[in-house]
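Each chain gets a letter, A, B and so on, in the order its sequence line appears, and its residues count up from 1.
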Number of protein chains: 2
Amino acid sequence: MTKNSKPTIYEVARKAGVSRQTVSRVINNRPDVAPATRQRIMKIIDELDYHPSAIARSLSQQRSYNFGLLTAGLEYMGPSTTLSGIAKKSEELNYGLYLKELPSFNANNIHPLLEWFLARQVDGIIWAVPEIGANRDWIKDSIEDIRVPIIFLTSAKREKISIVTIDNYFGARQATQHLLDQGRKQIGHISGPMDWWESRQRLKGWQDALREAGIEPEERMVAEGNWSSKSGKQAFEKLQITFPEMDAVFSGNDQMALSILQTACTENIKVPGDLAVVGFDGLPESAYFSPALTTIFQNTIELGCTAVRTLARMVEERDIEPSREPVYITIKPDLIIRRSSTPVE
Amino acid sequence: MTKNSKPTIYEVARKAGVSRQTVSRVINNRPDVAPATRQRIMKIIDELDYHPSAIARSLSQQRSYNFGLLTAGLEYMGPSTTLSGIAKKSEELNYGLYLKELPSFNANNIHPLLEWFLARQVDGIIWAVPEIGANRDWIKDSIEDIRVPIIFLTSAKREKISIVTIDNYFGARQATQHLLDQGRKQIGHISGPMDWWESRQRLKGWQDALREAGIEPEERMVAEGNWSSKSGKQAFEKLQITFPEMDAVFSGNDQMALSILQTACTENIKVPGDLAVVGFDGLPESAYFSPALTTIFQNTIELGCTAVRTLARMVEERDIEPSREPVYITIKPDLIIRRSSTPVE
DNA sequence: GTGAAAGCGCTAACAT
DNA sequence: ATGTTAGCGCTTTCAC
C-alpha cells in the first residue's frame, strides 16, 4: 500500500497477521471471531483508517443496498416533501439512494432507465413519476422483466404491481362535502390537467359528492387548469362566465386556489361571504393566504416513508418467499378547515 | 448461464467466439475492433439482452461516474429547483447521483457521510447544505482528506474550497435600492435566521444600501424570522411596534412576504400605498399574491447546473493537472418589479 | 485487431 | 475460531 492509496482489506489482514476472511468477519460484525482477535483487528482498522469498499462488496454480494428513485418535474413539485420522506426513511433503513429525474412526464423510453438502475444492482426501485396520459403503458409489457421489487407512487390500482398513493378521491369528496355542509349549493371545480390520474380522481370525488347531495354536476361547473397559479386564474375567470351563480369552488390544488383568492380580492368578491374556497395539498403557506385557505392536507412525507418501508419489506421477503402478492396502500388526506370556507360570523 | 441470471460479458464472448476483452472493446466503443467482429458482437449483445455491470466496471476502473449529493431540509426547500438543476445536468453529463439528506442542518458528524460516498467511489461531491452556525467548521480540518473534488453551494468564500452561490448581498442591495428609488425612506427588513449565512448577507445588503442613501439602519428596523410564513407574520407585527413610521419592508424571502401582505390586508394597510413590499426568492406563486409581489428572483436551476458543470470539470481536469485553484462562482439574482412596490397611479 | 494473464476489493462456501 | 479456495464481472497491460 502506497501512501496515497486507501488501504484494502488485505493490508489490514497482513498487519493483523490473519486472513482477509477474518477481517471480513469483523467488519461485518459476525459473531464467530475471538474477542481478542476482533479487538486487534479493530485497532488496526482504526490506525489504517480503513474503510471497506462498498463497490467490491456489491459485486461479490450481488446486491448494493441501494434503491433507485425515479422522479419527474422536480422543479414543479412544490416542497419536495415526498422526496424528503423517501430520503429519510432510506437512510434510516440503511439503504442508499440513486436519484434520477425524467426529462419529461411522458417519457417514452423507459428501458434504458430501468437498465441503468439494474446495472447498478439496486435492491429496489421507487417510481415517483405521476401517472399521466399513457405513461404507465410500459408496465404491462415489461413488469416481468424487472428483476427487483418496484413500488409506484400516485397510481391507479393495477394488476400485479405494488402501489402507495394518497387517496385523492376521498380527499375530493371530503372537500366537496365540507362545502355542502356549509350550505353551499353551487360548487364549481377547478381541476388539474385531465391527463393526470390525480386530477381525474379529484374530479370524480367532487362529482360523486354532488350527486349524493342530489346535485347533478355539469360540464360548465368545471374548468381545467395545469396546477399553476396562472392557470388557476384563467380557469376561475372562465368559471365566472360559465357558472355565474357559483357560491363555492373546490380547487385541485392550493396554488390555483391562491389565484382565486387573489382575483376575488381585486374584484371585490368576498371570501368566504360570496364565495367559499377549498384547496388541495395543504401547503404550509396556505394558512397565510388571505383569507387563510381551507384545504385537503396530503401527508407526502408519510407517503415517501411508507413507500420506502414497503419496498424494503418487499426486498427482504423476496429472499424467503419469492413472489408475494403486490400491495396497494392508500393514505387518507385530511381536511383542514380555515377561514376561506367557514361562515361569516 | 442459467435462464434466470443475467448474461455476463463472458457469455457474450463465448457465443461470439472471441475473448472477453474484445467484447469489452465493443461495449466501450473502442476503435480497435474489426467492423465485422463488432457487428457480430453487437448482434449477440442484443440477442442476449446483455447489459454490462456498472458495479464491476466501477471496481476495476476505480471510479463510478457517480456524484454524491448532500442536502438538508429538503422538506422546507420550497420547489426543489436546485435539485432539479443538479439532477438534469448530471444526467446530461452522464453521471449518476447519490442523494443523501442530513437529519438536521447542524450535523455534527460529517465523516461517516463522506466515507459513505467515498466507499462508493463517487467522482465528486456536491455539498448542498446551507451554511448555518458552525456547520462548515469541519472543512478546515478535513478538506485535505477528501480524495475527490467537492463543491459547495451557498457558502461564504473560503480558502481552498470551490463554491457556487447566489449573490445574496447583491440581491438585497438591489431590493433595497429599488425601494429607495420609489421614494421610500423608512425601509424595514425582516431577516431570515441570523445563524444562516444567507440571512446575514441579505441583511448586510439592506444595511449598505441604506447607508449609501444616507440613512442609518437601526436595530429596531429589523425583525428576525425563520423563513416560514408564520414567523414572517410575527416579525412584521414586531416591526409595526418598533418601527411604526415604516413605509416599506424588504422581506428575506417570499413566504414571509406573503404573511406581510396577508396581515396588511386584514389590518387595512394599503400595499403599496401605505407600505411597499419586496420579497426574495422569486417563487412562481409570488406573481399571484395580492398584490403581486416584487421580488428578487434567484435562478436556482442555474445554480444547480453550474455546480454540476463545475464539478464535472474539476473531475476531468484532475486527471491532467492535479491541484487546480478552487473556483468561486456567484450568480446574480434579478429584481422582478410587480405591484407590491410600485407607485399607485 | 485480438487474446492471455493479472487484478480491482470483497465475500460465500467449505475446510480445518 | 480461523483459513483456503474460488469466485463476483469487468478492465488494464502487455503480448502477439
Checklist entry - Tell me the salt bridge (charged side-chain N to carboxylate O under 4.0 Å, His left out) pairs involving residues 103-124 of chain A, sequence neighbours left out? => result A:Arg63-A:Asp123

By side chain to side chain donor-acceptor pair (under 3.5 Å), which residues pair with [X], not counting sequence neighbours?
{"X": "B:Lys100", "answer": "A:Glu91"}
{"X": "B:Glu302", "answer": "none"}
{"X": "B:Asn299", "answer": "none"}
{"X": "A:Glu92", "answer": "A:Lys89"}

Item to check | Any side-chain heavy-atom pair of A:Leu69 and A:Leu83 under 4.5 Å | outcome: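 Yes, their side chains come closer than 4.5 Å.
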
Item to check | Check: B:Ile163 and B:Ile151 side chains under 4.5 Å, non-hydrogen atoms | outcome: no

Checklist entry - Using 30° and 60° as the class limits, which term best fits the ring planes of A:Phe105 and A:Trp196: parallel, tilted or perpendicular? => result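 A:Phe105 vs A:Trp196 ring planes: perpendicular.
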
Next on the checklist: It should be established whether A:Thr22 places a side-chain nitrogen or oxygen under 4.0 Å from OP1 or OP2 of nucleotide D:dG3.
Outcome noted: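 Yes, because at least one side-chain N or O of A:Thr22 sits under 4.0 Å from OP1 or OP2 of D:dG3.
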
Checklist entry - Do the side-chain N or O atoms of A:Gln62 get closer than 4.0 angstrom to the phosphate oxygens (OP1, OP2) of D:dG9? => result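 True: A:Gln62 side-chain N/O within range (under 4.0 Å) of D:dG9 OP1/OP2.
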
Item to check | Approximate separation, where rounding is to 0.5 Å, of B:Leu114 CG and B:Asp145 CG | outcome: 9.0 Å

Gap between atoms [atom1] and [atom2], on [X] and [N] respectively (whole Å):
{"X": "B:Arg63", "N": "D:dC10", "atom1": "CZ", "atom2": "P", "answer": "18 Å"}
{"X": "B:Tyr10", "N": "D:dC8", "atom1": "OH", "atom2": "P", "answer": "11 Å"}
{"X": "A:Ile9", "N": "D:dG7", "atom1": "CD1", "atom2": "C1'", "answer": "15 Å"}
{"X": "A:Arg20", "N": "D:dA6", "atom1": "CZ", "atom2": "P", "answer": "13 Å"}

Item to check | Of A:Gln61 and A:Ile55, the one whose closest DNA chain C nucleotide lies more 5' | outcome: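 By nearest-heavy-atom nucleotide position, the 5'-most residue is A:Ile55.
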
Item to check | Along DNA chain C (nearest heavy atom to each residue), the more 5'-positioned of B:Val18 and B:Leu59 | outcome: B:Val18

Checklist entry - Mind checking what makes side-chain contact (heavy atoms from CB on, under 4.5 Å) contact with B:Tyr10, not counting sequence neighbours? => result B:Thr8, B:Arg14, B:Arg20

Checklist entry - Which residues pass the side-chain contact (heavy atoms from CB on, under 4.5 Å) test with B:Ala119, sequence neighbours left out? => result A:Ala54

Checklist entry - Of all nucleotides in DNA chain C with an atom under 4.0 Å from a non-hydrogen atom of chain B, which is the first and which the last going 5' to 3'? => result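 Under 4.0 Å from chain B, the extent on DNA chain C is C:dG1 to C:dG9.
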
Item to check | Axis deviation across the helix from C:dG1-D:dC16 to C:dT16-D:dA1, five-pair ends, to the nearest 10° | outcome: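 The angle separating the two end axes equals 30°.
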
Pair up each side-chain donor or acceptor in residues 21-36 of chain B with any protein partner under 3.5 Å, not counting sequence neighbours, and list the distances.
unit_1: B:Thr22; atom_1: OG1; unit_2: B:Ser19; atom_2: OG; d: 3.3
unit_1: B:Ser24; atom_1: OG; unit_2: B:Asn28; atom_2: ND2; d: 3.4
unit_1: B:Asn28; atom_1: OD1; unit_2: B:Arg57; atom_2: NH2; d: 3.4
unit_1: B:Asn28; atom_1: ND2; unit_2: B:Ser24; atom_2: O; d: 2.8

Between N or O atoms, less than 3.5 Å apart, protein on one side and nucleotides 13-16 of chain D on the other: list the pairs.
none

Item to check | Strand contacts (DNA chain C) in residues 26-38 of chain B, 4.0 angstrom heavy-atom criterion | outcome: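 Within this stretch, B:Asp32, B:Val33, B:Ala34, B:Thr37 sit under 4.0 Å of the strand.
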
Item to check | Validation row, ring centre B:Tyr98 to ring centre A:Tyr98 under 6.0 Å | outcome: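 Ring centres of A:Tyr98 and B:Tyr98 closer than 6.0 Å.
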
